[in-house]
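Just so we're on the same page: letters track the sequence lines, and every chain starts at 1. Being a predicted model, the structure only gives us computed values, none of them experimental. The figures that follow rest on heavy atoms only: side chains count, while hydrogens, waters and symmetry mates do not.
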Number of protein chains: 2
Amino acid sequence: MLDEVRTAKSVDQPCAIRDVLDRIGDQWSLLVLATLAPGVRRFSQLEREIGDISKQMLSKTLRRLEQDGFVAREVHAEVPPRVEYRLTALGCSFLEPMRELIRWAEANQAAIQAARRGAEAR
Amino acid sequence: MLDEVRTAKSVDQPCAIRDVLDRIGDQWSLLVLATLAPGVRRFSQLEREIGDISKQMLSKTLRRLEQDGFVAREVHAEVPPRVEYRLTALGCSFLEPMRELIRWAEANQAAIQAARRGAEAR
DNA sequence: GCGATCTGGTCTATGTTCGAGACCGATGAC
DNA sequence: GTCATCGGTCTCGAACATAGACCAGATCGC
């Protein structure tokens, strides 16, 4: 399977994981998805909960996630405006394998930090 | 568990998955790891197999992966120089949950592309 | 001897992306 | 009148990525 990660350049069908990671593998996408996991959120709510994301990146990230079908955006014509974001079925299903990765990250965080400390000591 | 992704900003211990994704979630790291999965590779071999990575980014990516303990680097004092890279145990174990994600990506690629086409049609 | 070639990088110039923060328009609270 | 709320967009400088030139040191063909 990993072969497909490597050999996709010559194939018509672009490599799935490269494609997926190009989108969600950035600084913010995963964080936004995780923040949406518990339920519906408004724009400024996401902004506050994530904390260190700029409006611009939040906006851009949400739009990309929406385009890729991970989140749904619902605008209520009110003043002040109310815009709600929620995970789609695709978005939810994505979080399943992601949870595995998070579990791995938590289990191996210490090892990584140890390696990092060892590297800088060297 | 996903809560920890969101609430880590206030915690002393940095959020594991944010930390991990900051490192391997970039354009190239996963690709390098996948290319190293079958076994030992030399620098220029990685360059050729990946194809569209610049030497600079390959160099930088490998150094970071080495610092984090995902790959091991072995220099042979020969001329021309020979430098070999291989996955460490940590690197191998990381590929396990990653495989899940790749599987998901392959299974849902069509859905994502459909969403994307739908979005641009709109 | 003389140049070309191989290797694993680094350096530089250029282009792309990112974050901080100003700004917007309509409305309600004071 | 004035300020805050909301979901963004715009602009600016800074950070980062990319392509490609360049390097040393030995070996090869001639």
Checklist entry - So where does chain A start and stop touching DNA chain D, 5' to 3', when the test is distance under 4.0 Å to a non-hydrogen atom? => result dT5(D) to dT11(D)
Item to check | Donor-acceptor contact present, side-chain Thr88(B) to main-chain Ala72(B), <3.5 Å | outcome: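 The answer is no, because no donor-acceptor pair under 3.5 Å joins these two groups.
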Checklist outcome for this item: Scoring nucleotides 23-30 of chain C by protein non-hydrogen atoms under 4.0 Å (B base, S sugar-phosphate only, - none) yields ---BS---
Starting from [atom2] on [N], measure out to [atom1] on [X] and report it in whole angstrom.
X	N	atom1	atom2	value
Leu58(A)	dG21(C)	CG	P	17 Å
Glu47(B)	dG9(C)	CD	P	10 Å
Arg63(B)	dG9(C)	CZ	C1'	9 Å
Arg42(B)	dG9(C)	CZ	C1'	13 Å

Kindly write out the residues that satisfy side-chain hydrogen bond (donor to acceptor under 3.5 Å, both in side chains) with [X], not counting sequence neighbours, or none if the list is empty.
X	answer
Trp28(B)	none
Ser93(A)	Trp104(B)
Ser59(A)	Arg63(A)
Ser44(A)	none

Please enumerate all protein N or O atoms sitting under 3.5 Å from an N or O of nucleotides 16-20 of chain C, with distances to 0.1 Å.
from, atom 1, to, atom 2, distance (Å)
dG19(C), OP1, Trp28(A), NE1, 3.2
dG19(C), N7, Gln56(A), OE1, 3.0
dG19(C), O6, Gln56(A), OE1, 3.4

Checklist entry - With Glu84(A), which residues qualify under side chain to side chain contact (heavy atoms under 4.5 Å, CB included), at least two apart? => result Val40(A), Arg42(A), Glu74(A), His76(A), Arg82(A), Arg86(A)
Item to check | Sequence-distant partners of Ser29(A), side chain to side chain contact (heavy atoms under 4.5 Å, CB included), two or more places apart | outcome: Ile24(A), Asp26(A), Thr61(A), Arg64(A), Leu65(A)
Checklist entry - Who passes salt bridge (Lys or Arg N to Asp or Glu O under 4.0 Å) against Arg116(A), sequence neighbours left out? => result Asp19(B), Asp68(B)
Checklist entry - Which atoms form the tightest heavy-atom contact between Leu95(B) and Leu33(B), and what is the distance? => result CD1-O, 4.2 Å
Checklist entry - Does a side chain donor of either Arg41(B) or Tyr85(B) reach within less than 3.5 Å of an acceptor in the other side chain? => result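 No.
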